Amino acid sequence: MNSYPPPHASPVSMIAALRSLKTIAAGRRTVAVLGQMNELGETAAADHIEVGHAVAKLHPDLLITVGNDDAAQLGTTAANGGVDTVHAVDKHAAALLIADLVKSGDVVLFKASNSLGLMALAATLAAGAGE
């Protein structure tokens with residue numbers, strides 16, 4: 001039996017979501033909030049770097065990475081490709097960055113392993129969108 005959403009993020013799902021972001025945004029400012037991808041095993045570091053290269057190619061207006069050293073490396077890779085990037089060590093630090101950097105009208109993508117807890121941040125941001 002398959003569960004939804006899947007228990008972890010993968011490079012394929014993260015890159016697919018990033019591709020959709022620009023289309024959905026339809027010219028509005030884009031923000032990608034990407035957290036670490038857990039349960040990747042020995043390929044974790046390379047997988048995060050792969051996503052970082054995809055971020056650089058797809059070039060959201062802002063990237064906020066969240067989590068461990070692999071997530072930070074994803075951000076470094078994207079930043080080296082010219083993407084405006086900041087890193088948060090956990091969801092609490094990410095919440096502060098989001099409150100400071102995300103503007104009304106921005107289209108924001110949240111993608112990470114579920115265990116990171118970013119879904120709650122997305123719900124909070126969505127709840128305030130009507131203000």
Side-chain angles (χ1 to χ4, degrees):
M1 181 169 128
N2 291 336
S3 64
Y4 183 84
H8 63 296
S10 71
V12 171
S13 67
M14 224 175 240
I15 293 168
L18 285 162
R19 286 187 179 127
S20 297
L21 178 62
K22 284 287 187 183
T23 302
I24 293 167
R28 292 175 287 171
R29 184 172 179 258
T30 55
V31 179
V33 181
L34 303 181
Q36 67 200 45
M37 298 176 283
N38 294 330
E39 302 175 8
L40 296 177
E42 294 178 6
T43 64
D47 289 340
H48 284 83
I49 291 169
E50 174 187 354
V51 172
H53 286 297
V55 172
K57 181 178 178 185
L58 297 166
H59 215 281
D61 295 297
L62 175 64
L63 170 64
I64 300 172
T65 57
V66 185
N68 65 13
D69 289 343
D70 288 333
Q73 184 58 54
L74 186 162
T76 298
T77 303
N80 288 341
V83 177
D84 185 15
T85 304
V86 293
H87 180 71
V89 296
D90 59 25
K91 70 178 181 180
H92 304 292
L96 295 173
L97 287 172
I98 290 165
D100 188 44
L101 299 173
V102 173
K103 303 171 186 167
S104 178
D106 288 354
V107 179
V108 184
L109 165 69
F110 288 85
K111 189 78 174 125
S113 288
N114 288 334
S115 62
L116 205 56
L118 296 187
M119 194 175 284
L121 294 181
T124 299
L125 184 63
E131 296 177 6

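All figures in this text were calculated on a predicted structure; none of them were measured in a lab.
In this structure, Asp69 places its CG atom where only 12 or fewer heavy-atom neighbours from other residues, nucleotides or ligands lie under 6.0 Å away.
What you find for Leu121 and Ala95 is that their closest heavy atoms are CD2-CB, 3.6 Å. Across Pro60 and Ala32, no two heavy atoms sit closer than the pair CG-CB, 4.2 Å. Pairing each heavy atom of Ser115 with each of Asn38, the nearest pair is OG-ND2, 2.8 Å. Across Ala88 and Leu97, no two heavy atoms sit closer than the pair CB-CD1, 3.8 Å. Residue Phe110 comes nearest to Leu118 through the heavy atom pair CD2-O, 4.0 Å, listed as atom of the first residue, atom of the second, then distance. Here the closest non-hydrogen pair linking Thr85 and Val83 is OG1-O, 2.9 Å.
Between atom CG of residue Leu63 and atom NE2 of residue His87 there is a gap of 10.5 Å, rounded to the nearest 0.5 Å. Taking CE of Met14 as the reference point, atom CE of Met37 lies at 5.0 Å (rounded to 0.5 Å). Taking CG from Leu18 and OG from Ser13, the interatomic distance works out to 9.5 Å, rounded to the nearest 0.5 Å. Within the model, atoms CD of Gln73 and CG of Asn68 stand 11.0 Å from one another, a figure rounded to the nearest 0.5 Å.
Partners of His59 according to the side chain to side chain donor-acceptor pair (under 3.5 Å) rule, which considers only residues two or more places apart in sequence or in another chain, do not exist here. With sequence neighbours excluded, the residues forming a side chain to side chain contact (heavy atoms under 4.5 Å, CB included) with His53 are Ile49, Thr77, listed by chain and number. Under the side chain to side chain donor-acceptor pair (under 3.5 Å) criterion, Asp61 pairs with Thr30, sequence neighbours left out. Remark: Asp47 engages Thr43 in a side chain to side chain donor-acceptor pair (under 3.5 Å) (not counting sequence neighbours). In this structure, the side chain to side chain contact (heavy atoms under 4.5 Å, CB included) partners of Ser20, at least two apart in sequence or on a different chain, are Ile24.
Cluster membership for Leu74 and Val89, using ILVMFWY side-chain heavy atoms within less than 4.5 angstrom, is not shared.
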TODO: Evaluate the side chain to side chain contact (heavy atoms under 4.5 Å, CB included) criterion for residues Leu34 and Ile64: first the C-alpha distance (whole Å), next the side-chain angles of each, then the deciding distance (0.1 Å), finally the verdict.
DONE: CA-CA 6 Å; Leu34 303 181; Ile64 300 172; over 6 Å; no

- [ ] Go through Glu39 and Ser113 one step at a time and tell me if the side chain to side chain contact (heavy atoms under 4.5 Å, CB included) criterion holds.
- [x] CA-CA 9 Å; Glu39 302 175 8; Ser113 288; over 6 Å; no

- [ ] List the steps and the verdict of side chain to side chain contact (heavy atoms under 4.5 Å, CB included) for Leu116 and Gln36.
- [x] CA-CA 8 Å; Leu116 205 56; Gln36 67 200 45; 3.9 Å; yes

- [ ] Could you check Met119 against Asn114 for side chain to side chain contact (heavy atoms under 4.5 Å, CB included), going step by step and ending with a plain yes or no?
- [x] CA-CA 7 Å; Met119 194 175 284; Asn114 288 334; 4.3 Å; yes

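Between the side chain of His48 and the backbone N or O of Ala72, no donor-acceptor pair lies under 3.5 Å.
Residue pairs meeting the salt bridge (charged side-chain N to carboxylate O under 4.0 Å, His left out) criterion with at least one partner in residues 16-35, sequence neighbours excluded, are Arg29-Asp106.
For the side chain to side chain contact (heavy atoms under 4.5 Å, CB included) test with Val31, the passing option among Val108, Leu109, Ile98 is Val108; the others fail.
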